[in-house]
Amino acid sequence: MNVQKLLLAMMIGLSSAAAHAVTLGTPSEGAIPADQNHTEQDIKPGTGVGVLYFNDGSQTKNDNDGMALMGWYGAELTRNLTVKAGAGAYMSTNTESDGTPIPLTEKKFGAVAAFAVLYQIFGSNFYIRAQYARAAAPTNIDTDTVFVGIGYRYESDSNRIIQKNLDYSVYGGNSRSTQDDSRTTHAFQIEVRKIKGDVGYSVSLIHEGNNGVTDRNGIAGQIWYVTPTADGWGLTIGAGPYLTLDDVNNKTQLMALASIEARKQITKTVSVAVRLNRVISADGKDQNMILIGVQKKF
């Protein structure tokens with residue numbers, strides 16, 4: 001049996017920053033709270049690719065959060081102890097306070113490198129992950145972060161029978177803009193998704209809610225990578241275009257939607273899921289949505 005491994009980890013830690021030579025901001029005054037959510041899929045033993053939600057925390061005059069696509073290489077030192085090194089591309093939304101009433105919000109592109117130590121807990125699939133990460137961008141502050149968190153290792157049989165499913169899903173939860181002057185509001189999503197083996201595609205209707213900065217409704221189309229597991233758990237990662245109508249700003253925009261979802265099968269045809277949506281805009285008004293949903297297979 002060919003077994004694939006999928007690693008999920010949630011980490012919190014501390015971040016510190018040094019201003020880049022061309023950054024308008026000043027260095028951070030000490031360490032501040034930060035967090036990461038990490039997903040990694042094995043390609044072959046010792047190597048893998050991962051998606052990282054990266055929140056650098058609110059530095060002096062700068063607030064960074066974003067996503068990174070990383071490659072990882074690992075070595076097993078003992079049965080329970082593994083070390084990993086990774087690097088990749090990083091896109092962040094940087095809100096810079098320059099003294100004006102409306103902060104400057106821009107997309108920043110750079111690179112991130114990380115080193116991690118994983119310790120398997122009592123021979124189970126749970127593990128502790130300690131990680132150092134360095135994020136750098138040519139026109140942004142560079143940040144050093146140290147994280148500690150807990151994760152879970154899922155295993156699945158890559159030789160499983162390929163199934164074709166049509167999923168209908170309904171989600172509800174909270175939504176908030178990345179801008180500091182927004183408020184948390186309610187969000188909803190209805191989705192139809194077609195799955196064939198490890199890939200899928202979907203169409204969904206989304207209501208982001210009125211957070212004081214935007215009030216967007218839209219339709220999204222996404223391509224998905226699907227990782228089912230033997231114990232009923234699974235993970236899906238998707239991305240695609242997102243057409244929105246903003247009632248606050250009275251305009252229509254084409255954006256991008258990136259999603260990551262963990263699900264648990266309850267019956268043969270019904271699953272529950274937790275999803276993180278990231279709306280990626282061109283005007284700096286990005287949105288994070290945390291949703292809980294129910295899925296029905298046909």
Side-chain angles (χ1 to χ4, degrees), residues 4-17 28 30-42 46-59 63-88 90-93 111-135 143-155 173-174 176 178 227 229 231 233-237 258-264 273-278 288-292:
Q4 293 182 333
K5 294 181 180 180
L6 175 71
L7 302 179
L8 299 178
M10 297 183 65
M11 296 172 285
I12 59 175
L14 296 175
S15 174
S16 64
S28 170
I32 59 173
D35 64 87
Q36 286 187 357
N37 294 311
H38 173 81
T39 303
E40 183 184 338
Q41 172 70 57
D42 277 2
T47 61
V49 294
V51 175
L52 186 70
Y53 170 72
F54 202 115
N55 188 340
D56 295 331
S58 297
Q59 307 286 348
D63 188 358
N64 288 279
D65 81 316
M67 302 185 75
L69 180 63
M70 302 179 66
W72 289 89
Y73 176 78
E76 191 174 279
L77 302 183
T78 68
R79 182 177 179 180
N80 295 327
L81 187 64
T82 302
V83 295
K84 287 178 173 283
Y90 173 44
M91 183 197 76
S92 70
T93 299
V112 59
F115 177 80
V117 178
L118 286 68
Y119 183 79
Q120 190 174 359
I121 303 174
F122 303 124
S124 68
N125 282 356
F126 286 97
Y127 62 90
I128 296 173
R129 184 181 186 111
Q131 181 165 299
Y132 163 78
R134 171 80 172 181
T143 58
D144 296 284
T145 48
V146 178
F147 297 96
V148 176
I150 191 167
Y152 189 82
R153 178 183 289 106
Y154 295 92
E155 296 183 352
N174 289 335
R176 185 178 177 86
T178 56
T227 304
T229 62
D231 55 3
W233 287 91
L235 184 89
T236 53
I237 299 172
S259 306
I260 181 169
E261 177 183 275
R263 68 186 186 280
K264 171 64 175 176
V274 177
R275 173 178 291 190
L276 172 64
N277 284 340
R278 176 62 177 248
N288 291 321
M289 290 181 278
I290 301 177
L291 307 173
I292 298 175

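At a cut-off of 3.5 Å, with distance as the only test, a side-chain donor of N288 or R278 sits close to an acceptor on the other residue.
Checked against side chain to side chain contact (heavy atoms under 4.5 Å, CB included), V83 has the following partners two or more places apart in sequence or in another chain: A75, L77, F115, V117. E261 pairs by the side chain to side chain contact (heavy atoms under 4.5 Å, CB included) definition with Y171, R193, T236, R263, A273, R275, Q295, not counting sequence neighbours.
In terms of modelled atom types and a separation under 3.5 Å, the side chain of S259 and the main chain of N277 share no donor-acceptor contact.
Interatomic distance, I237 CD1 to L276 CG, rounded to the nearest 0.5 Å: 11.0 Å. Rounding to the nearest 0.5 Å gives a distance of 8.5 Å between OH of Y90 and CG of L52. Considering CZ of F126 and CD1 of I121, their distance stands at 8.0 Å, rounded to 0.5 Å. The distance from atom OG1 of T78 to atom CD of Q120, rounded to the nearest 0.5 Å, is 9.0 Å. A distance of 6.5 Å separates CD1 of I150 from CD1 of I128, quoted to the nearest 0.5 Å. Atom CG of N80 sits about 10.0 Å away from atom CZ of F122, to the nearest 0.5 Å.
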side-chain contact (heavy atoms from CB on, under 4.5 Å) evaluation trace for M67 with V51
CA-CA 7 Å; M67 302 185 75; V51 175; 3.7 Å; yes
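Closest of all the heavy-atom pairs between A114 and M70 is CB-CE, 4.0 Å. Nearest approach of L291 to G173, heavy atoms of both residues: CD2-N, 3.6 Å. The two residues F147 and T145 come nearest to each other via the heavy atoms CE1-OG1, 3.0 Å. Looking at every heavy atom in both residues, W72 comes nearest to R129 through CH2-NH2, 3.4 Å.
The number of heavy atoms from other shown groups lying within 6.0 Å of OH (Y132) is above 12.
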